[in-house]
Student: 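Please find one structure pasted underneath; my questions will follow.
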Protein chains: 2
Amino acid sequence: MTKDTQKLNSIEKAIEILLKFQEAKSHWGIRELSAELSFSPATVQRILQILKSYDFVRQDPATRQYFIGNIFYRFLQTLNATNSLTVLGKNFLNEVARQTKETVHLNVIEDSFRICIDHIESPMVLKASMPVGHRSPLYAGASAKCLLAFSSQAFIDNYLAEVNLEQLTENTITQPERLQKELESIRSQGYAISLGERTPGLGSLSVPVFDYDGLIQASLSLAVPEVRIKQEDHLEFCINILVEQAGAFSKALGFKTGQF
Amino acid sequence: MTKDTQKLNSIEKAIEILLKFQEAKSHWGIRELSAELSFSPATVQRILQILKSYDFVRQDPATRQYFIGNIFYRFLQTLNATNSLTVLGKNFLNEVARQTKETVHLNVIEDSFRICIDHIESPMVLKASMPVGHRSPLYAGASAKCLLAFSSQAFIDNYLAEVNLEQLTENTITQPERLQKELESIRSQGYAISLGERTPGLGSLSVPVFDYDGLIQASLSLAVPEVRIKQEDHLEFCINILVEQAGAFSKALGFKTGQF
DNA sequence: AACAGTGTTTCATAATATAAAACAGTTGCG
DNA sequence: CGCAACTGTTTTATATTATGAAACACTGTT
């Protein structure tokens, strides 16, 4: 989101400040934020004091710098209980986990990124990890490409026009034309596969979940270590289970088979 | 937190509104919130529009009611990467998980509740679940009691004076005197145990993690199904590993053994 | 000691948030 | 159908509140 320039009301300023506390830069001083956002130091100071009093941010007593507060953990419980995708999806994730023994995860688009909203980690010793909240761009990895592939053409075109296809690994797709073809191929076969597009050695399978309107709501995915995704029979087995459970999930959301 | 009465600035009002979207009541209308918080409908309306534009809340197109937005998933990634407890703790959680094969979790106090900030689920078929963000009162369950037991006496007294010890299950401790004795016992033996104090059939073991000041920062815990926690040798084995890893964790935070 | 950084506080002024009321839809009921 | 009682939303004049510049207090460094 991140709105442009000046002329924000105080709530928007508070939100813009909160959004600055990202993984890339987790600790901020007041004058630093002031310069970054073009708010006066007094304003930044006042807003941070308010946010601090609610534990949205905390302050390091030694450096006096601010960082994100623990209150956000609390909203997670609300999300898990409220979000119909995580509530309904629980059974399907469990079923995929039970049958495949791989790390299962459920993803949605949030602010032009794929974000993991639920997961069950593999019981195996060699496993891929995918914590809730994990974010990645929409062009790299099966779960991300799957979400993008089944979005509206307008969304895809807009995304491709704005995004910079950064080379994250040697397998990342960096040419828009190749990505377009890949998306077409995902749509025609009904699922997405990737190997090391974002993280070397990490394979991924993903199938879309649709709602009653036929709109993509999530992608149901497996994160599989390279050695196991290269086993043809295991791969096929996993895809079948994913397709089956994602289909049942879509049905539970009111999607009618053959709706298109 | 939840500040009293009127005379809040607009940012505080926005936060108070956000905090109303809890598990217990996840969907709110404008006049409903207006009545609940004594803000005028126009104010609630304006604030919700701002929050909506940043995806802090969403609006159901059919009912027009508001519910929590997906942006909070995004802050989780920041927390995981920023919070020194989750970053440092990863290794110790892994080690406990590897050795015990039970569900491991890390907890802190947030707003007078125990909240789970990291977890690794058991690879076993019969297992206890403990998702990140899971909240419980400080008087029920080993992880919660452990956090309370090693807090300052002032905090404990204040907590016991304010809290209502609700009977969550038939095993919940509901008498303040019994809870005080239980806390003493936890302090003297160095770990906490519970069985079905919050959820029937769910057992729990927990050991405190201290920082360089000797203050409790977290509790490292196992969630174990009743049938396995009743096995004496398994119980003892689990406690030993927890004590060992929580000790190493404390040391990593600068705690000196025998600091008290 | 002087300097160059912090975070923080003060205060008059200007901008913004506010509540009441009106508006615009929806639902339920006789 | 039509009234009533709900919704969420918009308007507007007024008063509260947020604002930036400057000063302050404190740090560590040169």
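All values derive from a computational prediction rather than experimental measurement. Below, read A as the first sequence line, B as the second, and so on, with proteins coming before strands; counting in each chain starts at 1.
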Student: I need the CD-P distance between B/E16 and C/dA17, as an integer number of Å.
Tutor: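 After rounding, the reported distance stands at 18 Å.
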
Student: Reading DNA chain C from 5' onward, which residue's closest nucleotide shows up sooner: A/I11 or A/Q65?
Tutor: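 So the residue in question is A/Q65.
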
Student: Rounding to an integer number of Å, can you tell me how far B/W28 CH2 sits from D/dT7 P?
Tutor: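 For the pair B/W28 CH2 and D/dT7 P, the rounded distance is 13 Å.
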
Student: Among the nucleotides C/dT6, D/dG8, C/dA19, which one has an atom lying closest to any side-chain atom of B/R31?
Tutor: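 Among C/dT6, D/dG8, C/dA19, the one nearest the side chain of B/R31 is D/dG8.
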
Student: Quick one: A/K13 NZ to D/dT17 C1', roughly how many Å, whole number?
Tutor: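 Interatomic distance, NZ of A/K13 to C1' of D/dT17: 12 Å.
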
Student: Hey, does A/R64 reach any base, or is it just sugar-phosphate, or nothing, if we go heavy atoms under 4.0 Å?
Tutor: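 It contacts sugar-phosphate atoms only.
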
Student: Hey, does the side chain of A/Y66 come within less than 4.0 Å of C/dT6's phosphate (OP1/OP2), counting only N and O?
Tutor: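 No, outside the criterion.
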
Student: How are the rings of A/F72 and B/F75 set relative to one another: parallel (under 30°), tilted (30 to 60°) or perpendicular (over 60°)?
Tutor: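 Because their plane-to-plane angle is under 30°, the rings of A/F72 and B/F75 count as parallel.
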
Student: So does B/E32 pair up with B/K25, basic N to acidic O under 4.0 Å?
Tutor: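 Yes, B/E32 and B/K25 are salt-bridged.
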
Student: Round to a whole Å and report the spacing from CD1 of B/I47 to C1' of D/dT10.
Tutor: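 Whole-Å distance recorded here is 16 Å.
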
Student: Figure out the CG/P separation between A/N9 and C/dA17, and round it to whole Å.
Tutor: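 Taking atom P of C/dA17 as the reference, CG of A/N9 is at 5 Å.
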
Student: For D/dT9 and B/Q45 - does any side-chain N or O of the residue sit under 4.0 Å from the phosphate oxygens OP1/OP2?
Tutor: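 For D/dT9, OP1/OP2 do have a side-chain N/O of B/Q45 under 4.0 Å.
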
Student: Between B/T43 and C/dA17, does any side-chain N or O lie under 4.0 Å from OP1 or OP2?
Tutor: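 No, no such contact exists.
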
Student: Select one nucleotide: of C/dG7, D/dG20, D/dT11, the one nearest the side-chain heavy atoms of B/A42.
Tutor: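 Among C/dG7, D/dG20, D/dT11, the one nearest the side chain of B/A42 is D/dT11.
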
Student: Take the protein atom CG of B/D60 and the nucleotide atom P of D/dG8, then report the distance between them rounded to whole Å.
Tutor: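 It works out to 12 Å between those atoms.
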
Student: Using a cut-off of less than 4.0 Å, is there contact between a side-chain N or O of A/S10 and OP1 or OP2 of D/dA18?
Tutor: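 No, outside the criterion.
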
Student: Angle class for the A/F92/A/F249 ring planes (parallel below 30°, perpendicular above 60°, tilted otherwise)?
Tutor: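 Ring orientation, 0 to 90° scale: parallel.
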
Student: For B/L37 and C/dA19, what is the distance between atoms CG and C1' respectively, to the nearest whole Å?
Tutor: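 The answer, rounded to whole Å, is 16 Å.
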
Student: Go through the side-chain N and O atoms of A/E16 and B/Y54 and say whether any donor and acceptor fall under 3.5 Å apart.
Tutor: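 Yes, a side-chain donor-acceptor pair sits under 3.5 Å.
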
Student: Below the 4.0 Å mark, does C/dT8 have OP1 or OP2 next to a side-chain nitrogen or oxygen of A/Q59?
Tutor: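 For A/Q59, the contact criterion (side-chain N or O under 4.0 Å from OP1 or OP2 of C/dT8) is met.
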
Student: Rounded off to whole Å, could you give me the CD-to-P distance for the A/E32 and C/dT8 pair?
Tutor: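 Atom-to-atom, A/E32 to C/dT8, this comes out as 14 Å.
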
Student: Quick check on side-chain contact (heavy atoms from CB on, under 4.5 Å): which of B/L220, B/I115, B/V132, B/I120 does B/L106 satisfy it with?
Tutor: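 So, applying the side-chain contact (heavy atoms from CB on, under 4.5 Å) to B/L106 and each of B/L220, B/I115, B/V132, B/I120, only B/L220 qualifies.
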
Student: Just compare D/dA21, C/dA19, D/dT9 and give me whichever is closest to any side-chain atom of B/P41.
Tutor: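 Of D/dA21, C/dA19, D/dT9, D/dT9 is nearest to the side chain of B/P41.
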
